[in-house]
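A single structure is presented below for examination.
Here is the naming used below: chain letters follow the sequence lines, and residue numbers restart at 1 for every chain.
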Amino acid sequence: MAEIIVKGGFVIDPTRKIDGDVGDIAIKDGRIVDKVSSSAKVIDAKGKVVMAGGVDVHSHVAGPKVNVGRLFRPEDKLLSGFCRSGMAQKNGYRMESGFSIPSTFKTGYDYARMGYGFVMEAAMPPIHSPHVHEEIHDTPIIDEAALPVFGNNWFVMDYLKKGEVENTGSYIAWLLKATKGYGVKVVNPGGTAAWGWGLNCVSLDDPVPYFEITPREIIRGLLEANEYLGLPHSMHVHQNDLGNPGNYKGTIDSLKISESVKPKNKFGREQVIHSTHLQFHSYGGTGWGDFESKAKEVMDYVNRNKAITVDTGNVTLDETTTMTADGPFEHHLQGLNHLKWCNVDVEMETAAGVVPYVYDPNIKVCDIQWAIGLELALYAKDMNRIFITTDHPNAGPFTRYPRVMKWLMSRKAREAVLGSFKHKDKVIAATTLHQIDRELTLFEIAQMTRAGPAQCLGLGSTYGGLAPGMSADVAVFDLNYKNMPSDPDMIEKAFQRAACFIKSGEVVVIDGEVVSNGHKKTVWVNVNMPENPQVMRDITQSFTKDYTVQLENYSVKDYLAPHPFVINVDVEA
Amino acid sequence: MVTVTLKPTKVPELMLEGYSITPDAFAGKKAPEIAALPAHEGKVHVTLGDYFTVTGEAGATASETDIVIAGDCSRVKYIGSKMTAGTVTVNGNADMYVGGWMKGGKIHIKGNMDSFCGIQMEGGELLCDGNAGNHVGCAYRGDWRGMKGGTIRIKGNAGNDIGTFMLGGTIIIEKNAFIHVSTHAEGGTVIIKGDVEGRVGGQMVKGDMYVLGKIMYMMPGYKKIDTVEKEVDGVKAIFDHYIGDLGERHGKVKGQIVYANLYLKAAA
Amino acid sequence: MPKLITGVGCPYCGSSCDDLEVLVSDDETKVLEVHNACIIGNNLFHHANDPTRPRLPRQRQPDGSMKEIPYEEAIDYFAKTLLAAKKPLIYGFGSTNCEGMSAVGRIAEKAGAVLDNCATICHGPSFLAMFDNGYPSCTLGEAKNRADVVVFWGCNPMHAHPRHTSRYSIFPRGYFTGKGQMQRTVLSVDPRETDTAKLADVHLMLDQGHDYELFDAFRTVLRGHDIPDKVAGIDKETIIKAVDIMKKARFCMIFFGMGCTHTDGRNHNIDAAISMTRDLNDHTKASIMAMRGHYNIAGPGQVWSWQFGFPYCIDLSKGTHAHMNPGETSSIDLAMRDEVDCFVNVGADAGAHFPIQAVQHLKKHPFIAVDPNFCMASEIADLHIPVRIAGVDEPGVVYRMDNVPIQFKAVLKGLPGVPSDEELFDKVYERMCEITLTQPIWLAAKENRKYPHNTNPVVS
């Protein structure tokens, strides 16, 4: 395959501790190599920053609730549906559509424009996995994987109630194979199962009706099962009580459960728990009146405990769409803003809710949420353990990542937003952002968006870095490391439209324009372990009695993931 | 005010997407430039000059521009859509989306209009001498923010969906309407001088409706609370005052629940 | 030896039963027996054996007769006709697989067409209501395992979805509903005394066309207010009793159908039903579901939503963006207003199911039907192209009425030389690209799996 050399850029590669050295990146046959021949295609990166392709650890881009979001929001397309490259088919590209919930084509193209090469679909309801994979293969350029949800799964709750961690592990292995999934996602553990009866679990010790297991027990059990299997990624958790004032204590308590668990895997992963969209879980106060930031308290705990990774969930102050497997939360939200509400309870497994939301800068609470997301990153000590996300589209569309990077890198940009708030004095009183001088460096941004998330996912040998052997995902940004722009908007502009993006050794973006539909791959984890007769019997029973689809039609067929990148995990008996 | 006149020369085989027929698009242009403005017939890119002869010229700004279409536009959509100022007159019928998303200025249709007129209107005036289709002054599908301001007056009849999701402004139907008045509305005023078959104020949170004719089927969620005398669009009458929709949520102001109001002209 | 294939999906109604068993001949060309299906599903599989199934495209001749032509010629005509039209309308997709729906997306983009499906004459109002008010719903297993109060509002599953009540809604013994029908209270709201109404514990025989007022009355009672003595022909006491049953349910499941979508107010009737369901969730757990008609009519709504952002009535004629506004971009309105100049009917029967005036308008233009069999649309078409029957001789993904994806099997080998919808559309797309000198956009993920089911056909 083609040889490419990206010449003379300022290389920023935290995996090799390179911070701005001028150098070349050599590419051959889709991989980064030590050197190439003189006939290699030259990409001139002189005066520009070169990083690995971005890795998004949590984004809702493919699946039934994402699609419900698209389907029930025609107005999300009305004034913002224009494709960038003119007459799409004529130019060789599919039509683009949607602002907060882009179509699959737009999703792939927009991530590529920003130089992102890998995206993790944050929550896959197992019975809907064929749908998730259909959307994934209709998303061009970017490699994707999906996390099945386990925290409200009836099998998991039954096994963990009986303390059967190994059976839980066998079930997880079976499900990952059946759904072509990547890891263990936990959303509002126990609470979404309670939502099947219209109830919820807001604290770690609220028992789930009928199953009589608590969120604490579910979290603990899945942490252990994940390490028992040695999966590439750790348990990935969206805690109970999302979005409510005062929830920061429960967040820290849930993280404490992981203190006694040790990471065990062959993928270089060092954390045992990944806490997602932490912004929504770092709230103080007792109500909306005294609502305040507890980002510092939460990050104090995270900083001291090395086996934790987090992602921010930054609010971007846009009109967007919330969607989550935290069904009861969405019901609560529609009661607050009275907007249209979709809900899907999924038999035996999980639920989801979708509600539009306007993060209005004139509303004090929205402003405080915005500040919290930024404070989390600015208080972080180890930038390899905290990643930039917007829980797309919940806190904002992923196309705003460059704006978040701008805010983190420029106090001036943050202050400009803070100064524009109608209630800025109240916002400043309820947060600490105004007092923070810190501005993140390009190296730290690369840690948060490349090296860190790749390692956290157990994909550190493939993505997130520019070492020979890794996938040739190389992004060039129009930023002069030695002479950074004084106007922070130039930072956002540079990250929004990559000067060049190479994905798996193929040039896919030039000057922010898509030039190829790429060759995306679907990544999934195949756990090899002896079959567990007890678990298989339980699964067969359940499909016969409780599910409404046949077991033989449940597993995702191979053709739905046409270009798989399978990661094998061997579990000793 | 400078007037530019468009005379229809050809009836489109399909419908003509006339999104360029607005004072804002014409402002500062002379006749040949106006004739070169884009339009669509299906997927085919056409120009206004393919369907109209253009005489006169536009004003320097939208507010100084007066557009007169000297003929029938039964097959032309989007006339006056998104305009911010100026005037548009059609000496005939017009198709869908007349004055859609308009923010200001005046439109006068001297015939009938098809559906979706004044969709998501924010200001200005829309006058129709004939009948309107359905979805008068409504929101776009899925948008909870409907008409915010301005005035729509229909001298004839209207179909279904008058002021769905309305937030502000005024709609006056001088003759009859079919069903669904102010559905889901949270503001605004709708005046129907003739009869309405039913579904007046369904799922309505806030706003006012006046019906001077008869309502064939009343919504069960409306309760009569008193009788008042009011003057509405130059007509003084006694009205039975209903509040509702009691099946819907309502906000509070100073501890008092704020309902939507239906004023139904009392029987003589 | 005949082969028994289990876990077969039935390609008829929105119940999308996947527990059928089909016995086929040893050479996989004939269906011998069908087990577990209702009478309609049973007939559908046996119909695949019909020796008169067309095997070649048929083109209308100047004298009005139909003549068989090779597929290449049909594909060429199809491609040229779409490219020449100013605004073609491609409609149907009630009875094809998702792979076909995805393939037609490319064609529709290239042709600047309007892409629409049967919802436009069926559950379109349900979509409109979802756009405005949301959709608090669940999968059918939730109804089976939890529902103790089941409401059929304006629908008659005993006729339209024969196995629905036994697999999901009234009879099954589920996880928390071990006593089956004995612990379910069934309400039917229908102006007719249907077979479903006869099964119900409470039948509200309302005045036709006044469901909206009745929903409002239910909501008014739920909020503790008084209502008139009679609403929509139902006594106040009956309304209050019905609300009480629903409010006191552990899980109230509401199914609705054409009674709400096809009476005055259309989408507003469903919108009011959704408002009522939302209100019920303040008292107990409640969910609502549209009784989608076909086994994969939810399919195009899903596929086109992720590809274009809209579930139906998608106007792609501008080429730069998709536009949807039912009332303007919906098939019947486009037909009646003469806004399209070419019609393609796929996996549905516009000839039978569109209002006759709409068909007359469409017949002024080229009219192409893509269907495994003869139907009214094919008999008036200028070109009829047969394809394999999805679910019988063509596998693929389908979306059940509750949007659960089910991977349907093929039980027979396809008729020799007859392509699937996906194969046909991909060939038409390639021809369109050849004619316009452009490259086909397969999105790379498709390259290796184009025509994955093109196994060697059996030579008869």
Which value, rounded to the nearest 0.5 Å, describes the distance between Asp402(C) atom CG and Thr548(A) atom OG1?
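It is 6.0 Å, given to the nearest 0.5 Å.
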
Reported CG-to-CG distance for the pair Asp18(C) and Asn553(A), which is rounded to 0.5 angstrom:
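Spacing of CG (Asp18(C)) from CG (Asn553(A)) equals 4.5 Å.
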
Of all heavy-atom pairs between Gln302(C) and Leu71(A), which one has the smallest distance, and what is that distance?
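Closest approach of Gln302(C) to Leu71(A): NE2-CD1, 4.5 Å.
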
Quiz question: by atom type and distance under 3.5 Å, do the side chains of Tyr93(A) and Glu109(C) form a donor-acceptor pair?
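No, because no side-chain N or O of Tyr93(A) sits under 3.5 Å from a partner of the opposite role on Glu109(C).
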
Checking Pro64(A) against chain C: side chain, backbone, both or neither under 4.5 Å from a heavy atom?
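Contact with chain C involves no heavy atom of Pro64(A) at all.
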
Please classify the contact between Tyr312(C) and chain A as side chain, backbone, both or neither, with a heavy-atom cut-off of under 4.5 Å.
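Neither the backbone nor the side chain of Tyr312(C) comes within 4.5 Å of chain A.
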
Contact origin within His133(A) toward chain C - heavy atom pairs under 4.5 Å
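For His133(A), neither part sits under 4.5 Å from chain C.
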
Flag side-chain contact, heavy atom, 4.5 Å: Trp197(A) against Phe251(C)
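Yes; the side chains approach each other to less than 4.5 Å.
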
Just how far is it from atom OG of Ser102(C) to atom CG of Asp138(A), taken to the nearest 0.5 Å?
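It is 4.5 Å, given to the nearest 0.5 Å.
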
How close do Pro130(A) and Gln407(C) get, counting heavy atoms only, and between which atoms?
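Where Pro130(A) meets Gln407(C) most closely, the heavy atoms are CG-NE2, 3.8 Å.
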
Residues from residues 270-284 of chain C approaching chain A under 4.5 Å (heavy atoms):
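If one takes a 4.5 Å heavy-atom cut-off, the residues of residues 270-284 of chain C near chain A are Arg278(C), Asn281(C), Asp282(C).
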
Between Lys285(C) and Asp345(A), is there a salt bridge with N-O shorter than 4.0 Å?
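Result for this pair is yes, salt bridge flagged.
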
So what's closer than 4.5 Å to chain C heavy atoms on Ser555(A): side chain, backbone, both or neither?
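Only the backbone of Ser555(A) comes within 4.5 Å of chain C.
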
What part of Gln439(C) lies closer than 4.5 angstrom to a heavy atom of chain A: side chain, backbone, both or neither?
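Neither part.
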
Engaged part of Met130(C) at the chain A interface, taking heavy atoms whose separation is under 4.5 Å
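For Met130(C), heavy atoms of backbone and side chain both lie under 4.5 Å from chain A.
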
Identify which part of Tyr210(A) has an atom lying under 4.5 Å from any heavy atom of chain C, answering side chain, backbone, both or neither.
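Side chain only.
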
Return the minimal non-hydrogen interatomic distance between Glu134(A) and Cys98(C), and the atom names on each side.
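Smallest heavy-atom distance, with atoms named: OE2-CB, 3.8 Å.
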
Relative to chain A, which of Thr438(C), Val397(C), Ile288(C), Ile406(C) shows the most heavy atom pairs under 4.5 Å?
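The option with the most such pairs is Val397(C).
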
Choice from Cys342(A), Pro102(A), Ala351(A) maximising heavy atom contacts with chain C below 4.5 Å:
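If we count pairs closer than 4.5 Å to chain C, Cys342(A) comes out on top.
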
Cut-off 3.5 Å, side chains only: do Tyr559(A) and Glu99(C) have a donor facing an acceptor?
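There is such a pair (donor and acceptor under 3.5 Å, judged by atom type) between the side chains of Tyr559(A) and Glu99(C).
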
Is Leu339(A) close to chain C through its backbone or its side chain, or both, or neither, when contacts mean heavy atoms under 4.5 Å?
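Just the backbone, heavy atoms under 4.5 Å.
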
Is the count of non-hydrogen atoms from other residues, nucleotides or ligands lying under 6.0 Å from Asp558(A) atom CG greater than 12?
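No, because the 6.0 Å sphere around CG of Asp558(A) holds 12 heavy atoms or fewer from other groups.
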
Part of Lys545(A) lying under 4.5 Å from any heavy atom of chain C:
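It is the backbone, since no side chain atom gets that close.
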
Who among Arg167(C), Arg250(C), Met324(C) has the most heavy-atom pairs with chain A under 4.5 Å?
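Sorted descending by pairs with chain A, the first entry is Arg250(C).
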
Would you say the rings of Trp304(C) and Phe105(A) are close, in the sense that their centroids are separated by under 6.0 Å?
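Phe105(A) vs Trp304(C): aromatic centres not under 6.0 Å.
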
Taking the side chain as every heavy atom from C-beta outward, state whether Ser103(A) and Gln307(C) have any atom pair closer than 4.5 Å.
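Side chain of Ser103(A) against side chain of Gln307(C), heavy atoms only: no contact under 4.5 Å found.
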
Proximity breakdown for Tyr399(C) and chain A, heavy-atom pairs closer than 4.5 Å:
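For Tyr399(C), side-chain heavy atoms alone lie under 4.5 Å from chain A.
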
Spacing of CG belonging to Leu140(C) relative to OH belonging to Tyr547(A), to within rounding of 0.5 Å
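Answer for the CG-OH pair, Leu140(C) versus Tyr547(A), is 14.5 Å.
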
Check each atom of Gln334(A) against the heavy atoms of chain C and say whether the ones under 4.5 Å are side chain, backbone, both or neither.
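For Gln334(A), heavy atoms of backbone and side chain both lie under 4.5 Å from chain C.
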
Measuring heavy-atom distances to chain A, does Asp132(C) have an atom under 4.5 Å in its side chain, in its backbone, in both, or in neither?
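When you check distances to chain A, only backbone atoms of Asp132(C) fall under 4.5 Å.
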
Side chain proximity check, Phe308(C) to Arg94(A), heavy atoms < 4.5 angstrom
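The answer is yes; the side chains approach within 4.5 Å.
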
When Phe310(C), Tyr175(C), Phe127(C) are compared by non-hydrogen pairs under 4.5 Å with chain A, the top option
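Max contact count across the listed options: Tyr175(C).
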
Within the 4.5 Å heavy-atom criterion, are Val549(A) and Arg400(C) side-chain neighbours or not?
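Yes. Closest side-chain heavy atoms under 4.5 Å.
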
Should the pair Glu552(A)-Lys409(C) be classified as a salt bridge under the 4.0 Å nitrogen-to-oxygen rule?
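The answer is yes: the pair qualifies as a salt bridge.
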
Looking only at non-hydrogen atoms, find the nearest pair between Asn67(A) and Trp306(C) and report the distance.
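That closest heavy-atom pairing would be OD1-N, 3.2 Å.
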
Under 4.5 Å heavy-atom distance to chain A, tell me which part of Lys110(C) shows up: side chain, backbone, both or neither.
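Interface part for Lys110(C): both.
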
Within this structure, what is the OG1-CD distance for the pair Thr6(C) and Gln550(A), rounded to the nearest 0.5 Å?
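Those atoms lie 8.0 Å apart.
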
Less than 4.5 Å to any heavy atom of chain C: does that hold for the side chain of Trp195(A), its backbone, both, or neither?
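Both parts, backbone and side chain.
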
Is a donor from one side chain sitting under 3.5 angstrom from an acceptor on the other, for Glu347(A) and Thr139(C)?
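Yes, a side-chain donor-acceptor pair sits under 3.5 Å.
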
Taking the side chain as C-beta and beyond, is there a heavy-atom pair between Trp341(A) and Asn133(C) under 4.5 Å?
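Sidechains of Asn133(C) and Trp341(A): no contact.
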
Work out which heavy atom in Phe131(C) is nearest to a heavy atom in Lys340(A); give both atom names and the distance.
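What the structure gives for the nearest pair is O-NZ, 2.7 Å.
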
Winner by heavy-atom pair count (cut-off under 4.5 Å) against chain C, out of Glu135(A), Met348(A), Glu330(A)
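Heavy-atom pairs under 4.5 Å are most numerous for Glu135(A).
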
Tell me whether Lys248(C) at atom NZ has more than 12 heavy atoms from other residues, nucleotides or ligands lying less than 6.0 Å away.
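No - once you tally the heavy atoms of other residues, nucleotides and ligands closer than 6.0 Å, there are 12 at most.
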
Heavy-atom closest pair, residues Gly92(A) and Ile441(C):
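Heavy-atom minimum between the residues: C-CD1, 3.2 Å.
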
